[in-house]
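Have a look at the structure below before the remarks.
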Amino acid sequence: MASQRKKQKPTIVLTGVNGRFGRMLARALHRDYRLIGVDPRGARRLPRDVTVHTIDLRRKKVEDIFRRNRIDAVIHLNPTPEWRGRTSEHRNIAVLGTQKLFSYCAKYQVPKAILLSSAALYGAHPDNDQFLTEAAPLMAGSGFATMRDLVEVDMFATSFFWKTPEVDTVILRPVHIVGDLNNGVSLYFKQKRVPTLLGFDPMVQVISPEDVVRSVVLALKPGLRGVFNIVGPAPLPLTQLIRMTGRRPFPVPEAVARSLIGIGFGVGATGVPSAQLDYLKYVCMVNSDAARDQLRFKARMSIEETMAPLERRRPG
Amino acid sequence: MPNVDPHNKVDTRNEVEVAINRLLKHQKEHGYDPFGFRPSTLRRALPPVHALYRHYFRVQVEGIENVPAGRALLIANHSGQIPLDAMMIATAMLIENEPPRVTRAMIERWIATLPFVSMFFSRVGQVIGTRANAQALLERDELLMVFPEGSRGISKPYSQAYQLEEFGLGFMRLALQTNTPIVPIGVVGAEEQIPALWNAKWLARMLKMPAFPISPTLLVPLPVKYRIYFGEPLVFEGDSDDEDRVIRARVDVVTDAIRGLLKRGLDERTNPFF
């Protein structure tokens, strides 16, 4: 009986399933879908009914998954950049892996492909509109290679969207995801002293992983395709968000910050390149009207609920 | 307008406090709007501006009731070397309009790169000047102030006082696109605050400044009397992407309205200082 019902469930291939966000997404989906996880890191603490393949996306074996199963959707979590180290390797994983994965979608007639990208790819610039639409160019790449790879992945998916109309491609560009995650933004807020740039306090949009999970679930709707900015609660100034976590902003003059980070990045003391400082200086916020109208997505978590997992002393 | 005349002994000491408190009543829980405006910063920044408004420039306002509720574009002549005219219009909207309203102005993009300055401008309600930002503000039914003469207007020498420079077309396209009424404004008095004999353009270019006025007052404004005339709102209809020629004809209507207000102001006054 149970196995019969299992067969009726649509099948989803989920990449990056072993990341904290991947696990959250798997837990949200596994009751309604048969999940096949792909992650070179293997899998821990996943629901038992999730099949996991511990392989690199570039490997030929990934194609076997598509050959042997009728896949109803692919959800590709854009790999979180490792700022340091083997960037050419990272580039390979991010860009080539994505290309392979999407080519299988076309070849095996997968009706839906979802890429979880990021609104940070628009880049923080002094002449940004306060709220960028999906039509804005992805300008984050100029500073450093890792970000450029993520831009390339997003642009590849966008061109796939146009070239392959038979696959309903959805590209989600959520704002900074904060919570119990190991991504750069969450780690930034979790520092003992949270550095800001003296004299700058841009408005910042954040979103909880729970809300992003909901947007992915909505994107699975058959027939829906497009590029969507995903926005959480109303924006607040950066320093205000830091204070909400029970920490205090630690303003540093920009020149000092840039040279310290430059040296630190060079010797390996920090994993953040100084180009990232632009996000502490200029706005990089997005308009989410398209997500509201077509995806019917609206964030449910308040700003307090979104920031709560980052609080310094959490009860329990 | 009895309450704008300081000789009438109207209590003007608390008007800043009253206006800000009324703004705060409508604010969101965290005290910031999505553009970074925070009324409590304005509360701290306003008193010196208010002192200029009441005691130095003794601003006299007429026709402020012409500003409609909801979205509107305030279009004014620009003069006086430093943009005190913008500050005075914004202060008028805050303390003389019913209800108090925040005026949004668009600031130059390079200002966003300046520490503290960029933060301050954003907290008092100013927004980086992009077309999308202007549109977003009007769609939120805000009040947007535009000087279509731009820096050409503000930096012209005294010999061209009260002659309007050519207006840009952007504001008209914006008004048509967002269905926004235009309130023409004539500012009389600002032309005399820093009478510039000459704009040293080569010096400005060398120093990378928009203008370099040579003035006997050395950029210290004289205690002129400001007279701000708000004209009746003008509503335009049509295609915002129309040819320049068509848009220009509509812009001329606004220019003429402002010219009329300036003429009236100049006729009514006997002296730039009183």
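Predicted model only: the values in this text are computed from it and were never measured. Lettering follows sequence order; numbering is per chain, from 1.
Interface remark: B:Ser122 contributes no atoms to any contact with chain A (heavy atom separation under 4.5 Å). Of the two parts of A:Tyr282, only the side chain, counted from C-beta on, holds a non-hydrogen atom closer than 4.5 Å to a non-hydrogen atom of chain B. Neither the backbone nor the side chain of B:Ala136 comes within contact range of chain A; no heavy atom of the residue lies under 4.5 Å from a heavy atom of that chain. With a 4.5 angstrom heavy-atom cutoff, B:Ile111 does not touch chain A via any of its atoms. Neither the backbone nor the side chain of A:Gln205 has a heavy atom closer than 4.5 Å to any heavy atom of chain B.
Looking at heavy atoms from C-beta onward, B:Arg109 lies out of side-chain contact with A:His125 at the 4.5 angstrom threshold. Annotation: side chain of A:Pro237 is not in contact with side chain of B:Met119 (no heavy-atom distance under 4.5 Å). In this structure the side chain of A:Pro126 never reaches within 4.5 angstrom of the side chain of B:Trp110, judged on heavy atoms.
With chain B as the partner, the residue from A:Asp201, A:Val283, A:Thr133, A:Asp127 showing the most heavy-atom pairs under 4.5 Å is A:Asp201.
For the pair B:His30 and A:Leu236, the tightest heavy-atom approach, listed with the atom from each and the gap, is CB-CD2, 3.5 Å. Scanning all heavy atoms of the two residues, the minimum distance from B:Pro34 to A:Phe131 falls at CB-CZ, 3.4 Å.
Rounding to the nearest 0.5 angstrom, the gap separating the CG atom in B:Leu137 from the CD atom in A:Gln130 is 8.5 Å. A:Asp129 contributes atom CG, which lies 5.0 Å from atom CG of B:Asn133 (distance to the nearest 0.5 angstrom). Taken from CE in A:Met203 to CG in B:Asp33, the straight-line distance is 6.5 Å, to the nearest 0.5 Å.
Counting non-hydrogen atoms of other residues, nucleotides and ligands closer than 6.0 Å to CZ of A:Arg248 gives a total of 12 or fewer. Heavy-atom neighbours of B:Glu139 CD from other residues, nucleotides or ligands within 6.0 Å: above the threshold of 12.
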